Amino acid sequence: MGEKIKLNITTSKTILDKNSANKKVIIDINENEQIQYVILAIGNFNKDIAFNIKGKDAQLEVIGICLLKNNEKINLNTIQFHKEKKSNSTNLIKTILKDSSIFNFEG
């Protein structure tokens, strides 16, 4: 059996990102906000995402699902700036790579 993954989703807002047209994205998370940011990358994908976690008790959950085959390539960079002490974030990225596909991640 494979690895078991448990996600505790207690979000008030979900953002689905499946478009790689915008290479740079900045997301602000304010006080008491709960954001779930889902990245769905199927095929070529190139994106830099910055999360500004500005508020007290702000929560961010980043989930990435990436599926590649042939010569497809993903470049994904995420950074979470915690600007308030009482904030929380998690980052979970899972990939399936087939053939000579390439996945580059910094986060």
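Since this is a predicted model, take the numbers as computed values, not measurements.
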Inset, instruction - Could you walk me through whether K47 and D17 pass the salt bridge (Lys or Arg N to Asp or Glu O under 4.0 Å) test, one step at a time? - result: CA-CA 10 Å; K47 190 162 284 189; D17 184 344; 2.8 Å; yes

List in chain and number order the residues that pass side chain to side chain contact (heavy atoms under 4.5 Å, CB included) with [X], two or more places apart in sequence or in another chain; answer none if no residue qualifies.
| X | result |
| --- | --- |
| D99 | K69, N70 |
| N104 | K73, N75, I102 |
| I42 | L40, L67 |

Output the distance between atom [atom1] ([X]) and atom [atom2] ([Y]), rounded to the nearest 0.5 Å.
| X | Y | atom1 | atom2 | answer |
| --- | --- | --- | --- | --- |
| I35 | I53 | CD1 | CD1 | 10.0 Å |
| I63 | I93 | CD1 | CD1 | 9.0 Å |
| E33 | K56 | CD | NZ | 16.0 Å |
| K23 | I49 | NZ | CD1 | 14.0 Å |
| N30 | E84 | CG | CD | 11.5 Å |

Legend entry - Smallest separation among heavy atoms of G43 and L68, with atom names: O-CD2, 3.4 Å

Legend entry - Shortest non-hydrogen separation from S87 to G55 and the atoms involved: CB-O, 3.9 Å

Go through the structure and list residues passing side chain to side chain donor-acceptor pair (under 3.5 Å) with [X], not counting sequence neighbours.
| X | result |
| --- | --- |
| T90 | none |
| S89 | Q80, H82 |
| D57 | none |

Do [X] and [Y] come close enough that some side-chain heavy atom pair is under 4.5 Å?
| X | Y | answer |
| --- | --- | --- |
| I15 | Q36 | no |
| I65 | K94 | no |
| I74 | F105 | no |
| L76 | I39 | yes |

Legend entry - Under the ring pair (Phe, Tyr, Trp, His ring centres under 6.0 Å) test, residues paired with F103 that sit two or more places apart: none

Legend entry - Members sharing I79's hydrophobic cluster (side chains within less than 4.5 Å): F81

Legend entry - Pairs flagged by ring pair (Phe, Tyr, Trp, His ring centres under 6.0 Å) wherever residues 31-72 is involved - sequence neighbours left out: Y37-F51

Legend entry - I96, CD1: over 12 other non-hydrogen atoms inside 6.0 angstrom: no

Legend entry - L16 atom CG, neighbour heavy-atom count above 12 within 6.0 Å: yes

Inset, instruction - Please name all residues satisfying salt bridge (charged side-chain N to carboxylate O under 4.0 Å, His left out) with K54, sequence neighbours left out, ordered by chain then number. - result: D28

